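Scroll down for the structure; my scribbles are underneath it.
All values derive from a computational prediction rather than experimental measurement.
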Amino acid sequence: MIENLGGAVIPTGFDVPVEPLRRAAHYTGEPGCIADARDFAARFLEQLRTEWCATIGPGADGELLLVVSELITNADRHSNGPYILELEGTDSAVLVSVYDSSAALPRRFPRDPQRVGRHGLEIVHALAAEVTAERVPVGKRVRALVPLVR
């Protein structure tokens, strides 16, 4: 934006809003996909640090990687096809989106320390500021907004 004050042209900042950093990766379900997704997310977070100068709080790295692991594991276990991991980040949060071919929406079970397994969405809800799941034309999309500073 430029202001004209008494004949002087003074730049006052950016003319357009800055877009979030976005990256996506496609996984087939082959062995090692979950580890690959975690590595992809770790590289994304490093890019936010270096290119966005994002301040990332203690523990945020681990929390983001755990959310990615849980969502990718769910897609791997409950869909019959490839899945996509999409990350969108700013200096304050990362939106994790996972698309898969199953139209069945995930179920969040009540907290039960005695239950073995099925704690994935419970973990995601504990770490994310917001979690949504919706059907899309090719299956479903599960999203979790992970804050970088608490």
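Of all heavy-atom pairs between L85 and V98, the closest is CD1-CG2, 4.0 Å. Minimum interatomic distance between C33 and G29 (heavy atoms only, all atoms of both residues): SG-N, 3.5 Å. The minimum heavy-atom distance linking P147 with A129 is given by the pair CD-N, 3.9 Å. The two residues A128 and A144 come nearest to each other via the heavy atoms CB-CB, 3.9 Å. Taking every heavy atom of both residues into account, Y27 and A37 meet most closely at OH-CA, 3.2 Å. The shortest non-hydrogen separation linking L71 to L121 is CD2-CD2, 4.5 Å.
Remark: D91 CG to E51 CD distance equals 13.5 Å, nearest 0.5 Å. Put simply, CD on E122 and CD on E70 are 10.0 Å apart, with the number rounded to the nearest 0.5 Å. For the atom pair R23 CZ and L87 CG, the distance stands at 10.0 Å (nearest 0.5 Å). Note: T28 OG1 to D76 CG = 9.0 Å, rounded to the nearest 0.5 Å. Rounding to the nearest 0.5 Å gives a distance of 9.5 Å between CG of L127 and CG of L64. Between atom OH of residue Y83 and atom CG of residue N74 there is a gap of 10.5 Å, rounded to the nearest 0.5 Å.
Residues satisfying the side-chain hydrogen bond (donor to acceptor under 3.5 Å, both in side chains) criterion with H78, sequence neighbours excluded, are absent altogether. Considering only residues two or more places apart in sequence or on other chains, D39 meets the salt bridge (charged side-chain N to carboxylate O under 4.0 Å, His left out) condition with R43. Scored by the salt bridge (charged side-chain N to carboxylate O under 4.0 Å, His left out) test, E88 finds R22 as partners (sequence neighbours excluded). Residues satisfying the side-chain hydrogen bond (donor to acceptor under 3.5 Å, both in side chains) criterion with T73, sequence neighbours excluded, are absent altogether. Not counting sequence neighbours, E30 has no partner by the side-chain hydrogen bond (donor to acceptor under 3.5 Å, both in side chains) test. With sequence neighbours left out, E46 forms a salt bridge (charged side-chain N to carboxylate O under 4.0 Å, His left out) with R49.
Criterion: ILVMFWY side-chain heavy atoms under 4.5 Å apart, direct or through other members. Under it, L21 and V146 are part of a common hydrophobic cluster. In this structure, V149 is not a member of the same hydrophobic cluster as L145, with clusters built from ILVMFWY side-chain heavy atoms closer than 4.5 Å. No chain of hydrophobic side-chain contacts below 4.5 Å, direct or via other Ile, Leu, Val, Met, Phe, Trp or Tyr residues, connects V96 to I84. F40 and I72 fall within a single hydrophobic cluster, where Ile, Leu, Val, Met, Phe, Trp and Tyr side chains are chained together by heavy-atom contacts under 4.5 Å. One hydrophobic cluster holds both I123 and V142 under the rule that ILVMFWY side chains link at heavy-atom gaps under 4.5 Å.
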side-chain contact (heavy atoms from CB on, under 4.5 Å) assessment of L105 paired with K140: CA-CA 7 Å; L105 296 177; K140 72 174 165 294; 4.2 Å; yes
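Side-chain N/O atoms of R143 and T132 include no donor and acceptor closer than 3.5 Å.
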